[in-house]
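In what follows, a single structure is set out as structure tokens and then discussed.
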Number of protein chains: 4
Amino acid sequence: MGRGRTAAAAVGPPPAARHHGNRHGRSEQARQAVLEAADDLLVEKGFTGVTIEGIAARAGVAKQTVYRWWKTKTDVLLDAFLQDAAEALTPPDHGDLAQDLRAHLRQLALFLTRSDAGAVFKALIGHAQHDPAFAAALRSGYLDEQRRRDRLPLERAVARGQLAAGLDMAAEIDQLVGPVYHRVLMAAEPVDQEFTDRLVAAFLRRADVVDLADAGEAGSR
Amino acid sequence: MGRGRTAAAAVGPPPAARHHGNRHGRSEQARQAVLEAADDLLVEKGFTGVTIEGIAARAGVAKQTVYRWWKTKTDVLLDAFLQDAAEALTPPDHGDLAQDLRAHLRQLALFLTRSDAGAVFKALIGHAQHDPAFAAALRSGYLDEQRRRDRLPLERAVARGQLAAGLDMAAEIDQLVGPVYHRVLMAAEPVDQEFTDRLVAAFLRRADVVDLADAGEAGSR
Amino acid sequence: MGRGRTAAAAVGPPPAARHHGNRHGRSEQARQAVLEAADDLLVEKGFTGVTIEGIAARAGVAKQTVYRWWKTKTDVLLDAFLQDAAEALTPPDHGDLAQDLRAHLRQLALFLTRSDAGAVFKALIGHAQHDPAFAAALRSGYLDEQRRRDRLPLERAVARGQLAAGLDMAAEIDQLVGPVYHRVLMAAEPVDQEFTDRLVAAFLRRADVVDLADAGEAGSR
Amino acid sequence: MGRGRTAAAAVGPPPAARHHGNRHGRSEQARQAVLEAADDLLVEKGFTGVTIEGIAARAGVAKQTVYRWWKTKTDVLLDAFLQDAAEALTPPDHGDLAQDLRAHLRQLALFLTRSDAGAVFKALIGHAQHDPAFAAALRSGYLDEQRRRDRLPLERAVARGQLAAGLDMAAEIDQLVGPVYHRVLMAAEPVDQEFTDRLVAAFLRRADVVDLADAGEAGSR
DNA sequence: GTCTAATCGAGACGGTACGTCTGGTCTTTTT
DNA sequence: AAAAAGACCAGACGTACCGTCTCGATTAGAC
């Protein structure tokens, strides 16, 4: 297994933490081992199969070391997820709204349905339904930022003059990503490209987008 | 406390079950006590606070009696939910598509955010993320049927000639209800009437709806 | 290993306890397994090596089963000891005071220095120094009764007219057995027959014993 | 609180140790703080309540500092005890055997039942039952020397001609102090002056003591 | 006046056992 | 036949100490 963390490691690692159990901070080695063990276990045995004992055992770490830095197994999973996925869902910038949105929704669908991190994410969303405090942590740690990223293509289009400025961004984003999450979390139906492209098309039609590639004409195609 | 079960009791009760711990079949009394205990506990203490031991204790029933009829605590909660909410979300029939959809989405939002049954439902959706078998049970026990109910306004509109027949129903439903679920399950934002009405308006615009009240004109655009 | 419990089983077994985990009482099988595991462990690994986890594991019993019936590992050891040793130290009755006392002290010395039960007993006495509540339990469970047994030879001698009635029994017993315990618990010196016989001789000399075998003479000096 | 160590400090302090954390030796300040913390904790919380972590915390010392100089908590307690009690139980010299013995046994009884050091001593004796290596350390560090002190009155009496030379000293000492320890360690009965005086009387009677105060007569008064 | 080496406080580390809790299984008696 | 009762095995929970370790600060004596 392993997790192939990218070097960037945007989220958790405390500044300059490469030492070993001394006053100068925690062991980065132990931290990484715990995070890897946690999401390996989630992928292998599912959410219920993740226990702090199991994480500690697989990470070759003392239980107390896990408890010292994380309160619950879901905090570990969240930490692991944040580290893995921080940059997975940044929408691309092709200079074209339609293209950007299609690519972004497709990427989101694949992330949720195909990647290990997506599996972790679904588990975390699931747990958030049972634990309001964790829901808040998940929101502030990930969802808020993700919503900001989701908004980027629209904001760039506004800047380009491709899109009217008065849009209710939040509502539009919900209409774009909401159906994707809905299929992933509740329905059993596949979330294929046809589906995500259709969401984009519906948006373009209702949002009076100026098609820059086909300048001079108004309307949505 | 209590649950005010409607007489209909659409789901579980075995035929002729009014006895109590005798040779004549299971005790309907015990069954009801268990279901009530389960969702009372959920409302009071949250999903984690529901345990089979706790259910049995509060229902005044032996643990084995719970295990005899349900495999897990989530099966109890599902059973309780189905009994309570079976018909809760049937969309109304005003003879007008726009009116029906607006009312239905509003009702859905209220159900999810305000009712006890909605709280149970969110908990079950949460658990389904951790347990594929339960997810399947939840789908076949409720979600599939609910999707059929969600479709009713559209189908009636097609029958009325208000809506073209070639529509991809599943995708349209996802675009209508998906954003609602998304806000409820993931975002912290309120799901007010303005939001749900906007979803309906977007649908009407993209779906070439014939406005019967304003007959003679074609399309909405 | 094993413990070869004598059938008599004077102490613990609850009345009619041969069933298995039902409402009618505890499992006698589990109880025996726990007691045997406890003193096997003590003999093998010493007092520190006895843990409730270890007892449960070796007995093939759940930890909770141990905790259900005993509060601490020392309670288990005490129970085991009582069952093993209840009648181990009853002084013999030869009809002669000197003979009885010599045999009894010799038996006590051998019990303490040679038998497994003696090892358990020393451990319990040791623990009693750290735990006043346990000390009281040990006294009421064993020591008080043992002191009564220690007194028997003297009382029989009084009944026979071999010994004056006004004796301070407690003080005399302490002078007889105290030195034995002292050597066992504190000194490293052997407690051989010469030593125990000397204690008896000193007692006979100071206690104005009528030597029935040599009737007619008074006093021992 | 505190311990009021007498200046003599017979046991541990290394020569010229008043520095603090440099190459030339240990910190006497830390050493004293540890010893005081250890027996304060014992008196306050009992043997079980003494932990190396607790000692270090209360002494305001790092755990490692304790481990650097002592192997176990019982070694700390032993060290503390030796420092406190080294000369506590030296029998007086009145020039009279009976008087010396009566005073000595009385002092022993009071030490064991009344003083803080006596409480520590009982705890150490208790632990020695569980740990043969510690038992040996306790014997060589204290008991052997104490037995030598116990013997002093008898040896002086022999020198004075008050007592026959052929006596088995060890056995006689055991008969004098054994019953006292026995009552302290095992029985709940008080160890009052009447009891200790009786032990001396029994000894005098059996040991053909020449009463110097009443010279000329033989026998034990 | 630096340099060196031992000890100090601090505290993270891998571990073991604690005592508690819940999950599921089982057996017996009662209805 | 199913209920109530509750003991059973199993194993995770979160905590307390264990004994080891690494660190940076402190402080003599050696140079």
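The chains referred to below are lettered A, B, ... by the order of the sequence lines, with proteins before strands, and numbering in each begins at 1.
Checked against side chain to side chain donor-acceptor pair (under 3.5 Å), C:K73 has no partners two or more places apart in sequence or in another chain. In this structure C:A128 satisfies the side-chain contact (heavy atoms from CB on, under 4.5 Å) test together with C:F134, C:A135, C:L138, sequence neighbours excluded. Under the rule for a side-chain contact (heavy atoms from CB on, under 4.5 Å), the partners of B:V43 that lie at least two apart in sequence or sit in another chain are B:D116.
Contacts classified as salt bridge (Lys or Arg N to Asp or Glu O under 4.0 Å) and involving residues 60-69 of chain D (residues at least two apart or in different chains) are given here: D:E53-D:K63.
Checking A:A59 against B:V50, the closest nucleotide of DNA chain E that is more toward the 5' end is the one next to A:A59. Of the two residues contacting DNA chain F, namely A:T51 and D:G54, the nearest-nucleotide position lying further toward the 5' end is that of A:T51.
As rounded to whole Å, 13 Å separates atom C1' of E:dC18 from atom CD1 of C:I55. Straight-line distance from the CD1 atom of C:I52 to the P atom of F:dG11: 19 Å, rounded to whole Å. Residue D:E28 contributes atom CD, which lies 15 Å from atom P of E:dT7 at whole-angstrom precision. Here F:dC8 presents its P atom at 12 Å from CZ of C:R31, a figure rounded to the nearest Å. To the nearest angstrom, C1' of E:dT22 lies 14 Å from CG of B:L41. What separates CD of C:Q29 from P of E:dC26 is a distance of 15 Å, to the nearest Å. Residue A:R26 contributes atom CZ, which lies 18 Å from atom C1' of F:dC21 at whole-angstrom precision. When rounded to the nearest whole Å, the span between CD of A:E53 and C1' of E:dG15 equals 12 Å.
Rounded to 10 degrees, the angle separating the terminal axes of the helix from E:dG1-F:dC31 to E:dT31-F:dA1 is 0°, with each axis obtained from five end pairs.
Here the closest heavy-atom approach between residue C:V76 and residue C:A38 is recorded as CG1-CB, 3.5 Å. When all heavy atoms of A:A123 and A:L42 are compared, the pair lying nearest together is CB-CD1, 3.7 Å.
Looking at D:V120, D:I55, D:D40, D:D39 one by one, the single match for side chain to side chain contact (heavy atoms under 4.5 Å, CB included) with D:V50 turns out to be D:I55.
Side-chain contact check for B:H127 versus A:Q129: every heavy-atom pair is 4.5 Å or farther apart.
Cation-pi geometry between C:R26 and C:W69 is met: the NZ or CZ atom falls under 6.0 Å from the ring centre, inside 45° of the normal.
Contacts between residues 60-72 of chain A and DNA chain E, defined by a heavy-atom separation under 4.0 Å, are made by A:G60, A:V61, A:A62, A:Q64, A:T65, A:R68, A:W69.
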